Peer 1: 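Sharing a structure here in structure tokens format.
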Amino acid sequence: MWQVERVEEASSTNALAREQARGGTPDGTVIVAARQTGGHGQHGRAWHSPEGGLYLSIVLRDLDDPHLLTLALGNAVADVLEVAGAEPRLKWVNDVLVDGRKIAGILVEGESTGDRFDFLVAGIGVNVNGTTADWPTPLRGQAATLEEILGADSCIPDLESFLLEAAEGWVRKVREGRNDDIVAAWRRRDALQGKDAGFDPDGGDAPTMRGTVRGIDDDGRLLLETERGVEAFAAGRLFA
Ligand code: BTN
């Protein structure tokens, strides 16, 4: 299903995949880079991408309803980290945590004509080998590599092939509309269920409200209980 293209370095595999998708590259094209110089995440934040991580982007076409794609790919990453021996948890909407520290993230971007996506690019970054000790200050303490968690390095090509296999299964569920499977697996790994957290519905750098996380609804929206009651959010940024 996947056609994998490898580069040593990319500014961002998402940017490269998007460029190729604009030029007509087929569904299932995957760009993998050994390092990125301009990796980015949600809300325009940088994604630190030194050698030792796994950075890839998948071009997807003809997905009728991609609204659960980010959660589905969170499950794919978590499946792989579990096989590697870690205990991943998922933080809405795109964060993969181990021991409360971020180890992986997902960034789905799309281009559309009218109300239909021409294509989607699903980017996944996993911190695999090396240490975060020399990473930029805001990340130190908040991010982790798999090597730090397991106390040993991992084979990146093996992780890549497990991840692509897992992603194939979860993308199939998205295509087939098996939303209950996606949401149920995600709920089992929810990092913040029942916890107090800050939230900004506009995805800014600081919380504009606080509440208790009540999981996700069947559409994958965040449920946050505030003094106004339980509200569902399709977008925004959680702080916890
Ligand atoms: C996030 O946590 O906000 C998402 C991070 C996504 C990072 C990956 S690395 C591969 C792909 N290329 C990018 O520039 N971003 C994604």
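Residue numbers run from 1 in the order of the sequence given. Here the structure is a predicted model, which means the values were calculated and not measured. Counting starts at 1 for both ligands and their atoms, in listed order.
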Peer 1: Would you mind writing out the side-chain donor-acceptor pairs for residues 138-151 within the sub-3.5 Å range, not counting sequence neighbours?
Peer 2:
from, atom 1, to, atom 2, distance (Å)
Arg140, NE, Ala133, O, 3.2
Arg140, NE, Trp135, O, 2.9
Arg140, NH2, Trp135, O, 3.4
Gln142, NE2, Pro138, O, 3.4
Thr145, OG1, Gly130, O, 2.7
Thr145, OG1, Glu148, N, 3.1
Glu147, OE1, Gly130, N, 2.7
Glu148, OE1, Thr132, OG1, 3.3
Glu148, OE1, Thr145, N, 2.9
Glu148, OE2, Thr131, OG1, 3.2
Glu148, OE2, Thr132, N, 2.7
Glu148, OE2, Thr132, OG1, 2.9

Peer 1: Within the 4.5 Å heavy-atom criterion, are Val171 and Leu73 side-chain neighbours or not?
Peer 2: yes
Peer 1: Which residue and atom name correspond to the protein heavy atom nearest atom 5 (C) of ligand 1, and how close is it?
Peer 2: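 Going atom by atom, the protein heavy atom closest to atom 5 (C) of ligand 1 ends up being Trp47 CE3, 3.5 Å.
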Peer 1: Pull out every atom of ligand 1 sitting under 4.0 Å from any heavy atom of Ser57, numbered as shown with elements.
Peer 2: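 Those of ligand 1 that fall under 4.0 Å from Ser57 are 11 (C).
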Peer 1: Under 4.0 Å from any heavy atom of Ile106, which atoms of ligand 1 are there?
Peer 2: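 Per the distance check, 4 (C).
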Peer 1: For ligand 1, which atoms have a heavy atom of Asn94 less than 4.0 angstrom away?
Peer 2: 1 (C), 2 (O), 3 (O), 4 (C)
Peer 1: For the residue pair Asp190 / Trp92, report whether a side-chain donor-acceptor contact shorter than 3.5 Å exists.
Peer 2: no
Peer 1: State, yes or no, whether a side-chain contact exists between Leu238 and Asp95 at a heavy-atom distance under 4.5 Å.
Peer 2: no
Peer 1: So is there a nitrogen or oxygen of Gln36 less than 3.5 Å from a nitrogen or oxygen in ligand 1?
Peer 2: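 In this structure, Gln36 places an N or O atom under 3.5 Å from an N or O of ligand 1.
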Peer 1: For atom 3 (O) of ligand 1, what's the nearest protein heavy-atom neighbour? Residue, atom name and distance, please.
Peer 2: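 The protein heavy atom lying closest is Gln42 N, 2.7 Å.
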Peer 1: Enumerate the atoms of ligand 1 whose separation from the nearest heavy atom of Gly41 is less than 4.0 angstrom.
Peer 2: 1 (C), 3 (O), 4 (C), 5 (C)
Peer 1: Could a heavy atom of Lys102 be found less than 4.0 Å from some atom of ligand 1?
Peer 2: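 The answer is yes, since Lys102 has a heavy atom less than 4.0 Å from ligand 1.
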Peer 1: Give the atom numbers and elements of ligand 1 that come within less than 4.0 Å of a heavy atom of Leu56.
Peer 2: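 Matching atoms, with element in brackets: 10 (C).
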Peer 1: Distance under 4.0 Å to a non-hydrogen atom of Thr13: what atoms of ligand 1 satisfy this?
Peer 2: 10 (C), 11 (C), 12 (N)
Peer 1: If we check side-chain contact (heavy atoms from CB on, under 4.5 Å) with His67, which of these qualifies: Thr70, Asp65, Leu63?
Peer 2: Asp65
Peer 1: Less than 3.5 Å apart, which donor and acceptor atoms pair up between the side chains of residues 39-53 and the rest of the protein, not counting sequence neighbours?
Peer 2:
from, atom 1, to, atom 2, distance (Å)
His40, NE2, Glu109, OE2, 3.4
Ser49, OG, Gln36, NE2, 3.0
Ser49, OG, Trp47, O, 2.6
Glu51, OE1, Arg35, NH1, 2.8

Peer 1: Does some side-chain heavy atom of Leu107 sit less than 4.5 Å from a side-chain heavy atom of Asn94?
Peer 2: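 When only atoms from C-beta onward are counted, Leu107 and Asn94 do not touch, as no gap falls below 4.5 Å.
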Peer 1: In ligand 1, which numbered atoms sit nearer than 4.0 Å to a non-hydrogen atom of Gly39?
Peer 2: 14 (O)
Peer 1: Are Val108 and Val121 grouped together when hydrophobic residues (ILVMFWY) are joined by side-chain heavy atoms under 4.5 angstrom apart?
Peer 2: no
Peer 1: Considering only the protein, which heavy-atom contact is closest to atom 15 (N) of ligand 1, and what is its distance?
Peer 2: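 Nearest neighbour among protein heavy atoms for atom 15 (N) of ligand 1, to 0.1 Å: His40 O, 2.7 Å.
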